Amino acid sequence: MIFDVLIVGGGVSGMQCALVLGSALTKEYAKGKKVGIIMHQRSSHLQDALFNNVLGLVPGTLGKDILEEGRGQLEELYPEVSQIENEKVIAVFEEENKYKVVTNKKEYYSNNVVIALNYSKPFDIAGLEQYVERHIRANAIKDRIQLRNFNHLIKEGLYVCGTLAGWRSQFAIAAGSGASVATDILTLWNDNVPTKVHDKHKKD
């Protein structure tokens with residue numbers, strides 16, 4: 001199977017990207033599209049987080065709970081999105097107008113790839129080393145990195161979101177970054193007509 005979008009990383013930005021894409025798969029322009037997310041990729045900064053300042057989250061919410069509940073939300077609402085567990089991405093190569101994503105267990109092909117990892121060193125995914133640069137918004141003492149991009153786009157079909165796109169490490173920012181990438185991809189699928197997805201409450 002060739003994916004239309006394969007997301008690398010199951011943290012805030014990656015799961016938010018997957019949720020928005022999953023919510024659009026019933027739209028005419030997205031029918032038949034194949035979306036996957038490789039969930040396991042180094043430890044997430046969410047593991048030790050406590051949230052009191054995020055709109056919509058109950059104060060005291062733990063990051064580790066969001067990781068688990070996010071997986072469940074994605075599976076329950078959008079089971080068409082393939083969740084790939086217990087695999088680590090080691091390479092991303094462009095090959096015949098597609099991308100080959102190599103893990104420690106398998107190889108996948110996708111028309112679009114979204115890199116949604118955190119901004120810590122080391123960054124050891126072969127094929128992406130030339131895009132690594134100093135993070136523009138992080139404290140220089142922390143020696144964080146980002147992938148060179150313009151509005152999340154590294155090159156055609158290759159995106160980055162979250163802290164690795166150069167954003168600050170803040171839950172709402174990371175989630176918004178993932179959603180932004182998803183809507184950019186949906187816009188492409190919709191013949192470049194600016195596109196977003198909203199669920200609406202039906203009144204009685």
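All of these numbers come straight from a predicted model, not from anything done at the bench.
- For L117 against V8, the heavy-atom pair with the smallest separation is CD2-O, 3.6 Å.
- Judged by distance alone, with hydrogens and angles left aside, the side-chain atoms of D4 form no donor-acceptor pair with the main-chain N or O of V35 at under 3.5 Å.
- Hydrophobic clustering (ILVMFWY, side-chain heavy atoms < 4.5 Å, transitive): Y29 and V5 are in one cluster.
- Put simply, the side chain of R144 never gets that close to the backbone of N118: no donor and acceptor are under 3.5 Å apart.
- Here the shortest heavy-atom pairing between Q83 and E75 reads NE2-N, 3.5 Å.
- In this structure, L74 is a member of the same hydrophobic cluster as L77, with clusters built from ILVMFWY side-chain heavy atoms closer than 4.5 Å.
- Under the 3.5 Å distance criterion, the side-chain polar atoms of E69 are left unmatched by any main-chain donor or acceptor of L67.
- We find the CD-CG distance between E133 and N149 to be 7.5 Å, quoted to the nearest 0.5 Å.
- Of the N and O atoms on the side chains of E96 and Y109, not one donor lies less than 3.5 Å from an acceptor on the other residue.
- Here the CG-CG distance, from L50 to L62, works out to 6.0 Å after rounding to the nearest 0.5 Å.
- The structure places CZ of R168 at 7.0 Å from CD1 of I173, a figure rounded to the nearest 0.5 Å.
- Using a 4.5 Å heavy-atom threshold, the side chains of F171 and I66 count as touching.
- Ring geometry, W167 versus H152: the interplanar angle falls from 30° to 60°, so the pair is classed tilted.
- T187 places a side-chain N or O within donor-acceptor distance of the main-chain N or O of T195, the cut-off being under 3.5 Å.
- Under a hydrophobic-cluster definition in which Ile, Leu, Val, Met, Phe, Trp and Tyr are linked whenever side-chain heavy atoms come within less than 4.5 Å, directly or via other members, I2 and Y159 are assigned to different clusters.
- Cluster annotation: V132 and Y99 are assigned to the same hydrophobic cluster (Ile/Leu/Val/Met/Phe/Trp/Tyr, side-chain heavy-atom contacts under 4.5 Å, transitive).
- Note on L57 and V20: same hydrophobic cluster, where clusters join Ile, Leu, Val, Met, Phe, Trp and Tyr whose side-chain heavy atoms are under 4.5 Å apart, directly or indirectly.
- Results of the side chain to side chain contact (heavy atoms under 4.5 Å, CB included) test with I38 over N86, V113, I7, L6 single out L6 as the only residue that passes.
- Note that the NE2 atom of H135 and the NZ atom of K121 stand 12.5 Å from one another [nearest 0.5 Å].
- The pair E68-R71 meets the salt-bridge criterion, with a side-chain N (NZ, NE, NH1 or NH2) lying under 4.0 Å from an Asp/Glu carboxylate O.
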* Pair L21-V81, side chain to side chain contact (heavy atoms under 4.5 Å, CB included): steps then yes or no -> CA-CA 8 Å; L21 289 173; V81 176; 5.8 Å; no
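- Under a 3.5 Å cut-off, the side chain of S82 and the backbone N or O of G36 do not form any donor-acceptor pair.
- Judged by distance alone, with hydrogens and angles left aside, the side-chain atoms of S13 form no donor-acceptor pair with the main-chain N or O of S177 at under 3.5 Å.
- Of the possible donor and acceptor atoms, one in the side chain of N52 sits under 3.5 Å from a partner among the backbone N and O of G60.
- Between atom NZ of residue K34 and atom CD of residue E80 there is a gap of 9.0 Å, rounded to the nearest 0.5 Å.
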